[in-house]
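A short worksheet on the structure shown next.
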Number of protein chains: 2
Amino acid sequence: MTPRTPRTPEAGARGDLFDPLCPTRRLLDRIGGKWTSMAVKVLAEASPDEVRFAELQRRMAGVSQKMLSVTLQALCRDGLVSRRVEGTVPPRVYYGLTDLGLSLEVPLAAVRRWAEEHMAEIDRAQQLADTVTEDM
Amino acid sequence: MTPRTPRTPEAGARGDLFDPLCPTRRLLDRIGGKWTSMAVKVLAEASPDEVRFAELQRRMAGVSQKMLSVTLQALCRDGLVSRRVEGTVPPRVYYGLTDLGLSLEVPLAAVRRWAEEHMAEIDRAQQLADTVTEDM
DNA sequence: CAGTATCCGAGCCGATACTG
DNA sequence: CAGTATCGGCTCGGATACTG
């Protein structure tokens, strides 16, 4: 989901939007992951640094332990999510958004708003297109 | 890239963000595609209904004929892109954004802005995380 | 010119089982 | 409780070749 390092680090930094490693492309690769945006949303709605692993899994209906773990690791490595361990047995781990992660909520909210307002139009266009091509 | 029809159409319409078929999830599946957001951007920058296939391919550095075709077909079926054919031999096909497609530029611009402003921080966080875990 | 058809490798993601 | 390890399916997307 999250490549460790771009092959040519300078390219992404140059700001060339047509470079395959442009910032936008790389961001979309992250938030395009099946559980990433949902994790950010859930963490953004909770009090900072307060949600534990199991609680997170409960709030993200359908996510497996493995995928939640993978998703959180990627977000931590990217500096979007913080992780605090308490005790050793049984372990308690608290997750929360960093300031950077919280700032990601702005574009994500824009995406959500557009989806809620316009996905129905896409469905209609799709059904129209399908009925036209279907009867051949 | 674009499933023909959701398995349970009502679920997506209900607005339940935790449903796997929620609008946001489905939108992210689309714009997460490797070439989708770039196609929208290039078409948004051009005059409406004026860009031909080859020109589009030229402006989207690196895209193959196949993937450009697949991407445009999906966008057309979703009602985000319009397609106008002129003549038969040789064929001339003009593409452009619909109003719906143009409106998608708003959230996409937000994503781009965040990426340009903050991806460098992610890179730094990643390098830090990598150097810490690496030497073990 | 503007596509379509086919093959194929890479990686996402799910299911399941195991551990400190 | 909070993970890791492993296997396997499926889809995305690239390379190449062909067509009206």
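Throughout, protein chains are lettered first and strands after them, A, B, ... in sequence-line order, and every chain is numbered starting at 1.
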**OP:** Measure the distance from CD1 on B/Ile31 to P on D/dC12 and round it to the nearest whole Å.
**Re:** 16 Å
**OP:** Output the single nucleotide from C/dC13, D/dT4, D/dG14 whose closest atom is nearest the side chain of B/Lys34.
**Re:** D/dG14
Subject >> Distance in angstrom units between A/Met67 CE and D/dG9 C1', rounded >> reply: 15 Å
Subject >> Ionic contact status for B/Glu116 with B/Arg112, cut-off 4.0 Å >> reply: no
**OP:** Please report the closest heavy-atom contact between B/Thr131 and B/Leu128, naming both atoms and the distance.
**Re:** OG1-O, 2.8 Å
**OP:** Could you tell me whether the side chain of A/Ser82 and the main chain of A/Leu97 form a donor-acceptor pair under 3.5 Å?
**Re:** no
Subject >> A/Leu75 CG - D/dG3 C1' separation (whole Å) >> reply: 16 Å
Subject >> Nearest atoms (heavy-atom pairs only) where B/Tyr95 meets B/Cys76 >> reply: CE2-SG, 4.3 Å
Original post:
Using a cut-off of less than 4.0 Å, is there contact between a side-chain N or O of B/Gln73 and OP1 or OP2 of C/dT4?
Top reply: yes
Original post:
Is there a donor-acceptor pair under 3.5 Å between the side chain of A/Thr71 and the backbone N or O of A/Met67?
Top reply: yes
Original post:
Looking only at side-chain N and O atoms, does A/Arg52 come under 4.0 Å of OP1 or OP2 in D/dA2?
Top reply: yes
Original post:
Base, sugar-phosphate alone, or nothing: which one does B/Glu55 contact when heavy atoms must sit under 4.0 Å apart?
Top reply: nothing
Subject >> Side-chain N,O (B/Arg83) to OP1/OP2 (C/dG3) below 4.0 Å >> reply: yes
**OP:** Find the distance B/Glu86:CD to C/dC1:P and express it as a whole number of Å.
**Re:** 16 Å
Original post:
Can you check the A/Leu68 CG to C/dC12 C1' distance for me, whole Å?
Top reply: 16 Å
Original post:
Of all heavy-atom pairs between A/Arg25 and B/Lys34, which one has the smallest distance, and what is that distance?
Top reply: NH1-O, 3.2 Å
Original post:
Taking all non-hydrogen atoms of both residues, which atom of B/Glu55 and which atom of B/Arg59 are closest, and how far apart?
Top reply: OE2-NE, 2.7 Å
Original post:
Between B/Tyr95 and A/Val63, who's closer to the 5' end of DNA chain C by nearest nucleotide?
Top reply: B/Tyr95
**OP:** For B/Trp35 and D/dT11, give me the distance from atom CH2 to atom P, rounded to whole Å.
**Re:** 22 Å
Subject >> Sequence neighbours excluded - ring pair (Phe, Tyr, Trp, His ring centres under 6.0 Å) pairs with any residue from residues 100-120 of chain A >> reply: A/Trp114-A/His118
**OP:** Can you figure out which of D/dG3, C/dT4, C/dG14 approaches the side chain of A/Ser69 most closely?
**Re:** D/dG3
**OP:** Report yes or no: do B/Tyr94 and B/Arg52 form a side-chain donor-acceptor pair below 3.5 Å?
**Re:** no
Original post:
Counting only distance, no hydrogens or angles, is the base of D/dG3 paired donor-acceptor with the side chain of A/Lys66 under 3.5 Å?
Top reply: no
Contacts under 3.5 Å, N or O only, protein and nucleotides 18-20 of chain C:
none

Original post:
Is the backbone N or O of A/Asp49 less than 3.5 Å from a side-chain atom of A/Arg84, with the two atoms forming a donor-acceptor pair by type?
Top reply: yes
Subject >> Stems involving DNA chain D, each a run of at least 3 consecutive Watson-Crick or G-U pairs under 3.5 Å >> reply: C:1-20 with D:1-20
Subject >> Interatomic distance, B/Gln57 CD vs C/dT4 P [rounded to whole Å] >> reply: 13 Å
Original post:
Within this structure, what is the CG-to-C1' distance between A/Asp29 and D/dG13, rounded to whole angstrom?
Top reply: 12 Å
